[in-house]
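What follows is a short report on a single structure.
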Amino acid sequence: MGPHPAVAAIRLAVRRVLHDVLNEHSRDHQNAETAVTAGAPAGQGASVRTAPEPLVLVACSGGADSMALASALAFESRKLSLRAGGITVDHGLQHGSDLRAAEVVSRMTGLGLDPAESVAVRVGREGGPEAAARDARYAALDAAAERHGAAAILLGHTRDDQAETVLLGLARGSGTRSLSGMAAVSGAAGRYRRPFLELDRQTARKACMVQSLPVWDDPHNADPAYTRSRLRQEGLPALEKALGKGVVEALARTAQLSRDDADALDAWALQADASVRDEAGLLECAKLFALPPAVRRRIVRRAVIEAGSPAGSLFARHVEEVDKLITSWRGQRAINLPGRVVARRQGGRLVIRQS
């Protein structure tokens with residue numbers, strides 16, 4: 001008799017991602033070996049070495065989603081040529097958080113994950129509590145990946161998390177990219193992988209229950225002081241009551257469709273960028289004006305970020321104000337942007353520099 005359907009579902013999702021990681025790791029190793037062989041003196045071929053087993057880490061808070069993910073990683077890694085470890089991040093936002101983190105490490109060790117460690121971070125205030133905690137967490141995970149030489153880090157975001165992210169993006173009015181939610185693969189060199197984006201939250205919780213895995217329910221997830229918590233506790237249930245079941249699935253589907261569109265527009269903007277610049281590399285307003293708005297704004301946004309504006313602080317309204325220098329020019333003053341970046345129109349060129 002096979003495992004419970006919920007356990008089978010989480011294991012299959014993780015197995016697919018691990019096969020991708022192994023294939024990429026093997027391909028990278030072969031490319032490196034080919035480069036070494038090509039650089040060897042004539043007649044002296046370099047010896048071919050076996051690719052070392054890659055390390056895959058799971059980011060585990062101790063909640064149902066990440067505990068289910070940790071259990072699936074531990075199980076599947078034993079059947080594949082890779083090592084599996086886990087990291088829990090102690091945000092220090094609650095009394096006894098260090099003890100909670102130590103307990104999560106013990107649970108990961110019990111599953112057979114090695115290394116299994118806790119990393120304490122200091123959460124700032126920039127961007128609000130949720131954004132600050134997220135920034136601190138990802139910085140800690142990036143550092144852990146570098147320290148251990150990890151090939152990938154698995155994150156336990158589910159289809160429900162994706163639906164919430166789409167609604168938050170819709171509320172910000174930040175365009176197609178914001179509506180595309182979280183990518184299955186993201187980060188530098190595809191470091192972050194999200195195996196559960198097509199699974200619902202209840203599947204992960206059920207998988208923990210039937211495996212007798214203890215889970216911790218973070219009180220912040222039910223705290224109405226946090227926007228995502230209000231959306232989870234009040235917003236989505238209200239939408240389902242008004243529109244019927246299937247809202248979460250529809251929002252997740254919207255995320256994928258939006259991501260496909262955004263990727264295509266990004267590629268178009270990248271190709272068009274060189275054609276709208278003069279010999280000095282400055283953006284020519286007349287040529288920008290001739291482009292479709294979605295393409296033009298992407299070129300403008302990338303130029304502002306390259307000038308030093310933090311991507312996380314650059315909103316649609318900022319890009320729209322710069323876009324007006326191109327489409328509605330009436331002698332406007334320079335526009336101040338996040339990161340002390342200033343955009344102005346001079347001689348038919350868009351000049352974007354850090355002040």
Side-chain angles (χ1 to χ4, degrees), residues 122-139 142 165-183 186-188 227-228 258-259 261-355:
R122 184 174 181 178
V123 178
R125 297 182 179 179
E126 186 175 352
E130 293 167 285
R134 182 179 61 249
D135 290 345
R137 179 167 60 254
Y138 277 101
D142 281 335
T165 301
V166 172
L167 284 176
L168 289 170
L170 181 63
R172 287 194 296 268
S174 300
T176 308
R177 179 57 70 187
S178 184
L179 293 180
S180 65
M182 296 174 286
S186 65
T227 304
R228 187 178 285 268
S258 298
R259 181 167 297 280
D261 290 348
D263 287 346
L265 288 168
D266 285 348
W268 186 354
L270 189 61
Q271 292 176 350
D273 188 274
S275 69
V276 295
R277 293 181 182 271
D278 64 13
E279 295 179 355
L282 294 177
L283 293 167
E284 296 188 64
C285 294
K287 293 180 178 179
L288 284 167
F289 185 83
L291 291 173
V295 177
R296 180 177 64 243
R297 287 171 183 160
R298 278 168 165 77
I299 293 174
V300 168
R301 185 176 189 276
R302 184 165 54 247
V304 172
I305 291 172
E306 289 175 351
S309 189
S313 301
L314 188 64
F315 302 135
R317 58 183 174 83
H318 295 127
V319 177
E320 287 169 4
E321 286 301 309
V322 178
D323 193 49
K324 289 178 182 177
L325 296 177
I326 303 165
T327 62
S328 306
W329 174 242
R330 296 184 180 85
Q332 297 98 310
R333 294 182 178 179
I335 297 170
N336 294 315
L337 300 163
R340 296 186 298 106
V341 172
V342 176
R344 59 171 54 87
R345 178 165 174 158
Q346 290 181 342
R349 268 62 172 174
L350 194 61
V351 181
I352 305 172
R353 292 177 182 151
Q354 206 162 34
S355 61

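None of these values were measured; they are calculated from a predicted model.
Taking Ser180 as the reference, Arg177, Ser258, Arg259 meet the side chain to side chain contact (heavy atoms under 4.5 Å, CB included) condition, with sequence neighbours excluded. In this structure, the side chain to side chain contact (heavy atoms under 4.5 Å, CB included) partners of Ala294, at least two apart in sequence or on a different chain, are Leu265, Arg298. For Pro292, the side chain to side chain contact (heavy atoms under 4.5 Å, CB included) partners are Trp268, Val295, not counting sequence neighbours.
Summarising the geometry, atom CG belonging to Leu337 is positioned 6.0 Å from atom OG belonging to Ser309; distances are rounded to the nearest 0.5 Å. Here the CG atom belonging to Leu168 is positioned 11.0 Å from the CG atom belonging to Leu179, to the nearest 0.5 angstrom. Atoms CD1 and CG, on Ile299 and Asp266 in that order, are 10.5 Å from each other to the nearest 0.5 Å.
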Show which side-chain atoms of residues 280-288 pair as donor or acceptor with protein atoms under 3.5 Å away, not counting sequence neighbours.
unit_1, atom_1, unit_2, atom_2, d
Glu284, OE2, Lys287, NZ, 3.2

With a cut-off of 3.5 Å and sequence neighbours excluded, list every side-chain donor-acceptor pair involving residues 341-355.
unit_1, atom_1, unit_2, atom_2, d
Arg345, NH1, Leu325, O, 2.8
Arg349, NE, Asp278, OD2, 3.0
Gln354, NE2, Gly339, O, 2.9
Ser355, OG, Arg340, O, 3.0

Subject >> side-chain contact (heavy atoms from CB on, under 4.5 Å) between His318 and Val304, worked out >> reply: CA-CA 10 Å; His318 295 127; Val304 172; over 6 Å; no
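What you find for Ser178 and Gly169 is that their closest heavy atoms are OG-CA, 3.0 Å.
Screening residues 305-323 for salt bridge (Lys or Arg N to Asp or Glu O under 4.0 Å) gives Arg296-Asp323, Arg297-Asp323, Glu321-Lys324 as the qualifying pairs, with residues at least two apart or on separate chains.
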